[in-house]
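One structure is given here, and the rest of the page talks about it.
All values reported here derive from a predicted model rather than from experimental measurement. Each ligand, and each atom within it, is numbered from 1 in the order the structure gives. Below, all heavy atoms of this structure are taken into account, side chains as well, without hydrogens, waters or symmetry copies.
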Amino acid sequence: MSKCVGILTSGGDCAGLNAVLRAVTIRAIQGYGWEVYGIRHGTHGLLCRPLEYRKLDLNSFDGSVLRLGGTILGTINKGDPTAYPMEDNTFKDRSDEFAEGCQMLGLEAMIGIGGDGSLAILHRLMEKARIPFVAIPKTIDNDIGVTERSIGFTTAVDIATEALDRLQPTAASHDRVMVLEVMGRDAGHIALAAGIAGGADIIIIPEIPYKLQNIAHKIETILKKGRNSALVVVSEAVKTETGDVLQILDLNGRPRYGGIGHYISDEIMRLTGAETRFTVLGHVQRGGQPDASDRILASAFGVRAVDLIAEGKFDRMVAWHNRTVIDVPILEAIHLNSTVDPNDALVQTARGLGICLGDAPY
Ligand code: F6P
């Protein structure tokens, strides 16, 4: 029986989103003969009148789209329709308009691709609109608890690793300590993985409290042993030693992390006298081509999400577990946040390699 399925990308973009759109479209059309509508700019496309959407068919995906970063539908990480910011600084519940948009398009099911925040909003909206919903996890932060991996993570780790590959020779040429600040929100997954892959000497993550003296000691030990340079990776949500959160406010007063790389760099210079520079990698980690792992994960998630709709299994999120796609209740997925466990295997790996995590002098 023909079905009309909507799909949207919400929250921050990341590499691999287009690969999901492709997989969902191919499976829905070839496997079930359904129609697929891509909603523009996340939830926003269904609040617009006329509606903003794009019918997706097999011709929408020439050979290039699988390889593209970003999302061909556009996305949004503000303007929650349940508390929509209005010009007079008040908030309005626009979920009825959203539901009306779904009806106007004749949607019978929705697939939402997002992180925990946007999936929570989507879950509420779809419940109110009474449209069956299936979720696909994406976030470079890899902080959605019930899935071992989310789309975008491995590409972000590759990019941060490549940054270390590029910083190492310039550090060695100039006898410098290079500090790389990476994203990850409150989780240190990107910093830990990229730090190991990129040969960092010191990795500082929000989950493991550090002392500047330990970092300085590690650098002095490296220099004493005859190496003239060092690499430090720090995750954006790390606080100062005294516990201050470093944030930047945008024009609307919304805070985002920023500044810890600069702080750590200055403190290393002050304590050790080593010449130090810092680099903030920022949104570079979200752009560019998805790596092979993210394309494979996106394809597996996209196919399974469509199959879940065909099986009548709703309010589920697909997840990666032991080399296979499972599905879990979406409410569980939204509430289980995953930060780095201080006993995690990769933490042990880092310690085994002699990488300083800031909590002890090495
Ligand atoms: O959640 C993904 C993420 O890239 C975080 O790592 C980062 O803190 C945040 O989004 C940046 O958000 P924005 O794109 O709004 O600056």
### Query
Between Leu180 and Ile140, is there a shared hydrophobic cluster once you connect ILVMFWY residues whose side-chain heavy atoms come closer than 4.5 Å?
yes
### Task
Examine the side chains of Thr154 and Asp291 and answer whether a donor and an acceptor come within less than 3.5 Å of each other.
yes
### Summary
Pocket residues around ligand 1 (non-hydrogen, under 4.0 Å) come out as Asn77, Ile140, Asp141, Met183, Gly184, Arg185, Glu236, Arg256, His283, Arg286
### Query
Listed by chain and number, what are the salt bridge (Lys or Arg N to Asp or Glu O under 4.0 Å) partners of Glu311, not counting sequence neighbours?
Arg304
### Query
Tyr84 vs His44 aromatic rings, parallel, tilted or perpendicular, using cut-offs 30° and 60°?
parallel
### Message
Restricting to salt bridge (Lys or Arg N to Asp or Glu O under 4.0 Å), what partner residues turn up for Arg54, sequence neighbours left out?
### Response
none
#### Entry: Pairs involving residues 353-362, ordered by first then second residue, that meet salt bridge (charged side-chain N to carboxylate O under 4.0 Å, His left out) (sequence neighbours left out)
Arg351-Asp359
